[in-house]
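First comes the structure, then the notes that go with it.
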There are 4 protein chains.
Amino acid sequence: MDAGEPKFRRRKADRPDEIVAAALAVFAEKGFAAAKLDEIARRAGVSKGALYLYFETKEDLFRAVVGRAIAPNIVLLKAMAAAHPGPFPDLVRGVARQIVGLVETAPMGGVLKMVVGEARNFPELARVWHDELVAHALGAMAGAVAAAQARGEVRPGDPRTYALQMIAPLLVGVLWRETFTPVGAPPFDLPSLMTQHLDTLLGGMLTEEARR
Amino acid sequence: MDAGEPKFRRRKADRPDEIVAAALAVFAEKGFAAAKLDEIARRAGVSKGALYLYFETKEDLFRAVVGRAIAPNIVLLKAMAAAHPGPFPDLVRGVARQIVGLVETAPMGGVLKMVVGEARNFPELARVWHDELVAHALGAMAGAVAAAQARGEVRPGDPRTYALQMIAPLLVGVLWRETFTPVGAPPFDLPSLMTQHLDTLLGGMLTEEARR
Amino acid sequence: MDAGEPKFRRRKADRPDEIVAAALAVFAEKGFAAAKLDEIARRAGVSKGALYLYFETKEDLFRAVVGRAIAPNIVLLKAMAAAHPGPFPDLVRGVARQIVGLVETAPMGGVLKMVVGEARNFPELARVWHDELVAHALGAMAGAVAAAQARGEVRPGDPRTYALQMIAPLLVGVLWRETFTPVGAPPFDLPSLMTQHLDTLLGGMLTEEARR
Amino acid sequence: MDAGEPKFRRRKADRPDEIVAAALAVFAEKGFAAAKLDEIARRAGVSKGALYLYFETKEDLFRAVVGRAIAPNIVLLKAMAAAHPGPFPDLVRGVARQIVGLVETAPMGGVLKMVVGEARNFPELARVWHDELVAHALGAMAGAVAAAQARGEVRPGDPRTYALQMIAPLLVGVLWRETFTPVGAPPFDLPSLMTQHLDTLLGGMLTEEARR
DNA sequence: CATGAATGAGCCTTCATTCAT
DNA sequence: TATGAATGAAGGCTCATTCAT
């Protein structure tokens with residue numbers, strides 16, 4: 001930018017993000033222990049030593065990667081908080097559209113694998129993910145369900161469980177894409193999957209009146 | 001030695017199974033790369049060298065672990081194949097009961113993590129799992145759905161997607177138990193979860209006539 | 001020993017000592033930081049990994065080396081404690097003979113360099129050396145001086161300082177041998193040095209009566 | 001720049017000396033290998049890169065440090081050369097006073113440690129120290145002893161050894177201060193130590209007539 | 001001259017694998 | 001078979017050195 005065109009030396013401020021992006025890719029693919037700093041450095045276009053200018057240790061880098069991967073998902077929380085107070089199905093479909101959009105753009109499969117796969121080795125990361133994102137999201141959706149129940153829109157049942165039911169097929173679809181599609185399994189089209197799922201599930205969740 | 005009580009000594013023939021069991025526990029907890037043969041040997045009650053009497057390499061052991069973990073799940077395929085040809089909901093609930101029973105007894109969470117987490121590092125294992133178990137199970141259930149649709153019991157929709165919808169919350173519940181419950185998150189009761197889910201989902205899947 | 005002659009595989013029990021001996025040589029020559037585990041392993045006739053069967057870290061090995069080097073010097077303390085209660089000069093010369101003997105056999109120069117050179121980096125080692133050996137030795141000799149003063153054998157003066165005066169030339173002679181002799185400086189013959197020094201020093205320390 | 005107060009800015013010409021001073025402190029404390037250029041640069045108040053404007057390598061800087069540390073000691077040689085040709089004890093005490101003065105002002109402990117501790121890794125430095133300083137000083141003192149012997153002031157004995165005997169306690173006292181005092185050992189007061197030592201030693205060195 | 005981000009060779013440490021017993 | 005001491009290749013991390021600015 002300065003002095004006309006991008007110099008072949010990248011600007012320092014971008015380095016950490018570039019490293020985190022490269023690290024995310026490698027950690028997601030290999031897992032923490034199997035990921036090699038050599039490969040992360042190579043993919044980030046820097047030397048191995050440069051990693052240590054920005055992160056203390058490999059674990060530190062991993063923490064940064066997993067921690068920062070929360071941010072893009074936070075938008076969902078805000079979207080849900082700002083969701084119009086209309087009929088329950090509209091809310092659900094609106095949120096679902098956002099999530100599907102996120103899944104299509106962000107490397108959610110890899111992040112999921114990282115969080116789930118390393119939860120035992122990095123419990124504090126699982127805790128952060130739960131406390132700062134998952135619990136909020138699940139709680140918000142459960143709250144919406146409970147409100148809909150109070151309005152007579154949704155049948156009785158545990159709201160938190162309803163929330164899990166709604167999102168689960170998408171998560172499994174993402175893991176499927178990550179796990180079985182690369183070895184030749186037929187993929188699931190996630191938007192279609194989600195559409196059919198919500199049609200079906202809402203069909204069973206809504207009361208007679210709400211369904212009409 | 002110990003000329004007294006030789007009967008209680010485990011027979012040598014059990015060694016491989018004991019090793020695989022110990023390895024399953026460690027691999028499930030740590031992942032492939034972070035698992036140490038020292039720990040596997042210790043948990044199996046044998047020396048490190050003994051592992052190599054039964055398995056060529058660490059990868060070999062891992063393959064054996066993941067491969068053998070298919071077997072307990074195969075019963076599901078047989079159960080589905082032998083399922084009575086009655087009404088669709090009965091079939092679904094019967095199968096679900098079996099799966100939930102399996103989930104309660106077998107370390108399915110750990111196995112899931114292994115298969116998903118190492119799919120990129122061991123693609124042939126993902127392939128085996130898909131080809132020998134997952135595809136069959138999903139296909140069988142999709143076939144049942146299609147048959148029910150043909151009989152007018154189930155509404156239109158992609159049968160394979162329906163199958164995924166049915167199982168997904170249970171899988172996510174298992175991963176939840178593995179990931180977030182250890183760090184203080186409230187657990188999901190899997191049988192209740194499955195009951196509520198099938199009630200809801202079938203409510204949306206079944207046609208008017210079938211639902212009556 | 002077993003089965004006739006020494007098998008080409010050395011017996012395990014000796015390994016730690018062999019490693020410590022090799023490490024002493026390398027640490028004494030290079031200092032802690034410049035010493036390479038590769039070289040220590042090579043000189044000990046084992047692989048680099050074998051070091052870690054007996055010592056946790058390089059620092060641990062260093063601590064073991066410096067710690068064990070105290071032992072051979074402890075004999076001096078015992079010799080001094082058991083010293084005959086005769087005239088002061090006899091005591092001094094007897095102890096000196098022991099020390100000179102030690103200096104000729106043990107690698108005292110290297111050990112001295114290690115303790116002094118790494119005192120700032122490993123203060124706990126300096127403390128151990130002082131508390132377990134040096135303070136005792138200096139104190140014992142100072143005690144003997146004080147007793148001799150009480151008996152009227154030695155002139156007034158600080159006993160601890162007298163003790164230092166007695167030993168200092170030998171220590172400097174050892175360091176000289178370590179430092180300047182290898183680059184062509186004329187050596188000092190330590191026994192002669194010590195003889196002349198004690199003759200001179202006692203000449204100045206003893207009272208008229210004692211000197212007679 | 002800083003058009004306001006340029007006068008207080010250190011002149012560039014001082015940089016090398018400032019760097020050498022900082023390096024001396026760090027090398028003396030840590031030893032060559034454990035010393036980090038980062039710390040030297042920080043203590044010198046310059047950037048790491050700036051070190052390379054004045055010194056080719058870390059070894060070069062070390063050589064400069066050790067080499068320049070000779071200079072302050074050279075004054076001793078001159079003092080001894082210019083020493084009045086009076087009685088031997090006066091000469092000795094005069095020189096001792098100079099040395100004690102030097103020890104109190106210059107970081108002689110650290111320098112000693114550097115020279116002794118790195119003699120094996122940098123033999124040429126040990127050689128320079130010996131050839132340019134130590135040999136001269138020891139030789140000068142030995143010469144004075146020999147002259148005094150010729151005058152009948154000093155008893156028979158190896159003059160070079162006598163010289164070593166005279167200086168050794170001070171050197172050991174310096175090393176003691178460097179090594180054991182920081183870990184709680186009682187210190188030696190070097191001037192008192194030297195006074196008592198010379199009183200004692202001269203008492204044994206001088207002939208009857210000279211002592212009178 | 002001066003800076004400090006970047007490099008990469010080198011070292012400590014780990015751990016799968018081997019092998020003498 | 002079984003052991004566990006020993007190996008050595010591999011990888012995380014450090015730090016002297018370089019170089020674009």
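Scope of the values below: all heavy atoms of this structure, side chains included, with no hydrogens, waters or symmetry mates. Everything numeric in this text was worked out from a predicted model, so none of it was measured.
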*Specify the closest pair of heavy atoms between A:Leu51 and A:Val46, including all atoms of both residues, with the distance to one decimal.*
CD2-CG2, 4.0 Å
*Starting at CG of C:Leu61 and ending at P of E:dC12, how long is that distance when rounded to a whole Å?*
11 Å
*Check each of C:Lys48, C:Lys58, C:Lys30 against C:Glu39 using the salt bridge (Lys or Arg N to Asp or Glu O under 4.0 Å) test, and report the only one that passes.*
C:Lys30
*Rounding to a whole Å, what distance do you find between B:Phe32:CZ and E:dA16:C1'?*
9 Å
*In whole Å, what is the span from the CG atom of B:Leu53 to the P atom of E:dT18?*
12 Å
*Roughly, in whole Å, what's the span from CD in A:Glu39 to P in F:dG12?*
11 Å
_Listed nucleotide nearest any side-chain atom of A:Lys48, set F:dA6, E:dG10, F:dA16_ = E:dG10
*What nucleotide among E:dA6, E:dC1, F:dC13 has an atom nearest to a side-chain atom of A:Arg15?*
E:dA6
_From CG of C:Asp60 over to P of E:dC12, roughly how many Å is that when rounded to an integer?_
14 Å
*Grab the two heavy atoms, one from B:Val65 and one from B:Val20, that are nearest each other, plus how far apart they are.*
CG2-O, 3.8 Å
*asked:* As a test of reading the structure: which of F:dA6, E:dT13, F:dG11 is closest to the side chain of C:Ala50, going by heavy atoms?
replied: F:dA6
*Examine the base of E:dT13 for any acceptor or donor lying under 3.5 Å from a partner atom in the side chain of C:Lys58, and report the outcome as yes or no.*
no
*Is it true that A:Glu56 and A:Arg63 have a side-chain N and a carboxylate O under 4.0 angstrom from each other?*
no
*At under 4.0 Å between heavy atoms, what does A:Ala35 touch on the DNA or RNA strands: base, sugar-phosphate, or nothing?*
sugar-phosphate
*Is any side-chain nitrogen or oxygen of A:Tyr52 closer than 4.0 Å to OP1 or OP2 of E:dT7?*
no
*Quick one: on DNA chain E, does B:Gly49 or D:Val46 contact a more 5' nucleotide (nearest heavy atom)?*
D:Val46
*Length of the line joining D:Glu18:CD and E:dA2:C1', which is rounded to integer Å*: 14 Å
*Once you round it to whole Å, what is the distance between P of E:dT3 and CZ of D:Arg42?*
15 Å
_Residue B:Tyr54, side-chain atoms from C-beta onward, closest of F:dT1, F:dT17, E:dA16_ = F:dT1
*If you check the B:Leu37 side chain, which of E:dA6, E:dA16, E:dT3 turns out closest?*
E:dA16
*Look at the side chain of A:Ser47 and decide which nucleotide, out of E:dA6, F:dT14, E:dG4, has an atom nearest to it.*
E:dA6
*Starting from P on E:dT18, measure out to CZ on B:Phe55 and report it in whole angstrom.*
16 Å
*Is there a Watson-Crick or G-U wobble partner for F:dA6 with both distances under 3.5 Å, and if so, which one is it?*
E:dT17
*Residue met sooner reading DNA chain F from 5', once C:Leu51 and A:Glu56 are mapped to nucleotides*: C:Leu51
*asked:* Check this for me: does any side-chain nitrogen of one of A:Lys113 and A:Glu118 sit under 4.0 Å from a carboxylate oxygen of the other?
replied: no
